[in-house]
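Note that this is a predicted model, so its numbers are computed, not measured. Order of the sequence lines fixes the chain letters, A, B, ..., with proteins taken first and strands second; residue numbering starts at 1 for each chain.
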Protein chains: 2
Amino acid sequence: MRNVHVALDERSYPIHIGSGLLDRCELLRPLAAGRMVAVVTDSHVVDLHAAKVCTALREVAASLVQVVLPAGEANKGFDALNLIFDAMLQARFDRGSLVVAVGGGVVGDMAGFAAAVYQRGIDFVQVPTTLLAQVDSSVGGKTGINHPLGKNMIGAFHQPRSVLIDVDTLQTLPKRELAAGLAEVIKHGAIADAAYFEEVANDLARLQARDPAALTAAIARSCEIKASVVERDEREGGLRAILNFGHTFGHAIEAGMGYGEWLHGEAVGAGMVMATDLSVRLGLIAPDVLQRLRETVARAGLPVAGPNWPAQRYIELMSVDKKAEQGTPKFVLLERLGAARVQKVADEPLVRTLAACCA
Amino acid sequence: MRNVHVALDERSYPIHIGSGLLDRCELLRPLAAGRMVAVVTDSHVVDLHAAKVCTALREVAASLVQVVLPAGEANKGFDALNLIFDAMLQARFDRGSLVVAVGGGVVGDMAGFAAAVYQRGIDFVQVPTTLLAQVDSSVGGKTGINHPLGKNMIGAFHQPRSVLIDVDTLQTLPKRELAAGLAEVIKHGAIADAAYFEEVANDLARLQARDPAALTAAIARSCEIKASVVERDEREGGLRAILNFGHTFGHAIEAGMGYGEWLHGEAVGAGMVMATDLSVRLGLIAPDVLQRLRETVARAGLPVAGPNWPAQRYIELMSVDKKAEQGTPKFVLLERLGAARVQKVADEPLVRTLAACCA
């Protein structure tokens with residue numbers, strides 16, 4: 001087992017990563033002991049993983065309710081959020097209650113947001129069961145829901161008390177979702193650690209074969225990178241925005257296709273290629289970095305181009321991105337493999353990137 | 001003009017209290033300059049007060065939208081909250097935008113909560129236009145909405161950047177709402193400052209006549225008392241709960257009647273009498289304190305007894321209160337006039353208080 005510590009003063013927490021961690025949930029039982037516990041999950045993983053967590057925690061909790069959300073990004077809105085509130089209020093959950101999120105990023109974001117605003121904030125724990133959630137949304141405390149006019153537009157910063165990552169959950173993860181998770185793993189290398197980028201690129205086959213040791217090592221390093229960024233900028237005042245490499249384009253693709261058509265990681269895969277292409281056009285990096293990144297994204301099983309929309313449609317969709325300032329989007333660009341910066345970009349190179357990277 | 005400073009580190013803010021402050025909004029213009037601004041108000045005060053704020057801020061803001069919510073506690077839910085999100089997203093509000101709440105407590109709580117969770121948190125300013133909001137909800141950063149199963153069950157702590165209290169807004173306030181605000185003024189004296197309690201009791205006629213100097217002095221002292229409690233316990237870990245004097249009973253009355261039937265201050269008026277009666281039964285204070293408090297509440301134009309429901313109905317309603325722990329409610333009791341404590345109470349004295357104080 002590997003442990004990563006996220007150091008945020010009184011909001012600090014551990015991330016435990018390993019194999020077999022869900023079997024008796026020993027690391028979670030002390031947190032649940034004597035408390036009212038809501039296990040929030042979705043229709044895809046309720047039988048696979050949440051049942052195990054419920055059985056283990058029911059033995060120690062004062063009471064336990066399970067909330068099963070409809071699966072998928074398209075359901076990440078107020079209606080599903082209210083299912084959590086309804087269940088907690090019907091069971092008379094108090095401020096000492098605990099929310100345990102078992103599932104992918106959608107479940108974690110919604111359960112975390114429910115915990116952030118239930119009675120103005122209660123504790124929660126993340127048990128992410130997709131690679132994407134394990135390396136991304138489980139670290140850093142971003143929670144939220146979608147609005148028809150924008151992804152994650154309604155939300156809160158709310159740190160979990162603990163994160164439990166059992167790599168065994170990845171054995172049953174659909175291949176497409178494993179690939180989507182690899183997008184964020186590749187991203188961490190690209191923006192922060194060139195050596196790690198090369199390791200991941202060389203290890204892709206073992207990761208795709210779901211080798212527990214390779215997965216544990218990669219997830220731990222990705223969590224470390226993300227934690228070190230979040231520790232320096234918890235509320236996204238500046239630095240943290242580099243974690244959005246590929247996301248300005250990616251969010252536009254997700255919003256334009258309708259949430260759920262492209263997986264988030266797929267949109268980020270194509271978005272990283274687009275952001276790297278833009279970095280080349282702005283003279284920040286040489287074309288060989290773009291080739292290396294595009295080839296790695298492709299081998300991970302991810303798209304390397306966005307939908308073939310007119311540039312104006314992309315620009316329109318990006319103007320409502322959370323990183324936009326008064327309608328002007330910002331882009332995370334590579335300064336070299338392993339280092340990123342955030343800036344606004346003139347229309348001309350942007351339009352050329354869109355023309356070059358949309359199939 | 002009087003100024004009260006709320007000292008909460010980087011979340012500190014000023015409260016300005018006086019007459020004529022809304023005429024040109026000079027104190028707000030620097031905050032709004034160059035930003036996208038949403039003025040959130042309700043159908044009752046849009047023409048009375050919000051129009052003035054909009055005119056003044058439109059001159060300096062980058063852009064300005066006005067959101068008019070349906071008035072009243074019964075509309076303090078997700079539907080009205082979404083009107084704010086919809087307007088901000090349609091106008092492409094970014095993270096540097098500003099929300100200005102112009103209205104009573106419902107408007108302030110909803111606009112504040114919208115600001116707390118819009119893109120995970122943007123700035124907001126309170127311009128409270130009811131006495132209740134001026135002395136209560138505008139200080140301390142509690143924001144939120146109601147759920148059919150409980151008042152303010154969904155919310156966040158989110159401090160405003162500034163609070164502007166123009167006592168002239170009270171000239172048009174319905175008499176019943178002025179009385180409701182006096183409930184919180186009386187409360188502040190009862191829990192924290194016996195001399196202030198007596199001043200308010202002796203000054204009731206001037207306050208009811210809406211004398212600007214008397215109102216400015218009372219609002220400033222109430223804000224000082226609330227600020228000093230909030231400064232010591234921003235997130236309601238303990239001490240802050242004394243501000244809920246009268247509220248455990250009061251919330252039960254509001255929920256049981258259906259939100260909006262009794263004004264919040266009316267429920268708190270009766271609730272304070274009930275909590276004081278309970279304090280007498282528990283041997284904490286002498287009966288003359290109860291008499292003095294009941295008489296003052298009555299002279300303020302507030303009810304001194306709750307609805308005539310069976311004790312079990314009250315206990316049921318109170319078990320879901322946010323201050324309840326695993327279904328057991330807590331009560332704020334008087335130790336003497338000017339000092340309060342929070343504790344659980346046995347059923348027997350509680351049932352006797354309910355029998356004695358419900359008409």
Side-chain angles (χ1 to χ4, degrees), chain A residues 10 34-36 62-63 77-79 81-82 84-97 113-114 116-122 141-158 235-237 241 316 318-330, chain B residues 10 34-36 62-63 77-79 81-82 84-97 113-114 116-122 141-158 235-237 241 316 318-330:
Chain A
E10 77 279 8
R35 301 170 84 171
M36 306 170 94
S63 65
F78 277 108
D79 289 346
L81 186 71
N82 264 324
I84 310 176
F85 294 142
D86 289 348
M88 293 201 288
L89 282 162
Q90 273 154 22
R92 306 210 168 164
F93 269 44
D94 61 22
R95 288 183 174 170
S97 305
F113 184 50
V117 300
Y118 185 77
Q119 298 198 5
R120 300 198 188 92
I122 64 174
K142 281 195 184 179
T143 70
I145 58 173
N146 296 331
H147 184 283
L149 294 176
K151 192 173 150 65
N152 294 322
M153 280 292 163
I154 313 299
F157 288 97
H158 190 55
R235 295 182 71 100
E236 206 163 27
E316 179 86 358
M318 291 188 293
S319 72
V320 76
D321 189 83
K322 284 199 298 308
K323 255 60 74 180
E325 283 179 3
Q326 301 200 356
T328 306
K330 286 181 168 185
Chain B
E10 77 280 9
R35 301 170 85 170
M36 305 170 94
S63 65
F78 278 108
D79 290 346
L81 185 70
N82 264 324
I84 309 177
F85 295 142
D86 289 347
M88 292 200 289
L89 282 163
Q90 275 155 19
R92 308 213 165 157
F93 269 43
D94 61 22
R95 288 183 173 169
S97 306
F113 185 52
V117 299
Y118 185 78
Q119 299 197 4
R120 300 198 186 93
I122 63 174
K142 280 194 184 179
T143 70
I145 58 173
N146 297 331
H147 184 282
L149 293 175
K151 192 174 149 66
N152 293 323
M153 280 292 163
I154 313 301
F157 289 97
H158 190 56
R235 296 182 70 100
E236 205 161 28
E316 179 85 0
M318 291 188 294
S319 72
V320 76
D321 190 83
K322 281 197 302 304
K323 255 60 72 179
E325 283 178 3
Q326 302 200 355
T328 306
K330 287 180 164 185

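Taken from CE in B/M88 to CD1 in A/I154, the straight-line distance is 7.0 Å, to the nearest 0.5 Å. A/F85 CZ to B/L149 CG: the interatomic distance, rounded to the nearest 0.5 Å, is 12.5 Å.
Contacts between A/A116 and chain B at a heavy-atom distance below 4.5 Å involve the backbone alone (N, CA, C, O). When heavy atoms are compared at a cutoff of 4.5 Å, A/F113 approaches chain B solely by way of its side chain, counted from C-beta outward.
Applying the side-chain hydrogen bond (donor to acceptor under 3.5 Å, both in side chains) criterion to A/H147, with sequence neighbours excluded, gives B/D86. When the side chain to side chain contact (heavy atoms under 4.5 Å, CB included) test is applied to B/R235, the partners found at least two apart in sequence or on another chain are B/F157.
The backbone N or O of A/T143 sits less than 3.5 Å from a side-chain atom of B/R120, completing a donor-acceptor pair.
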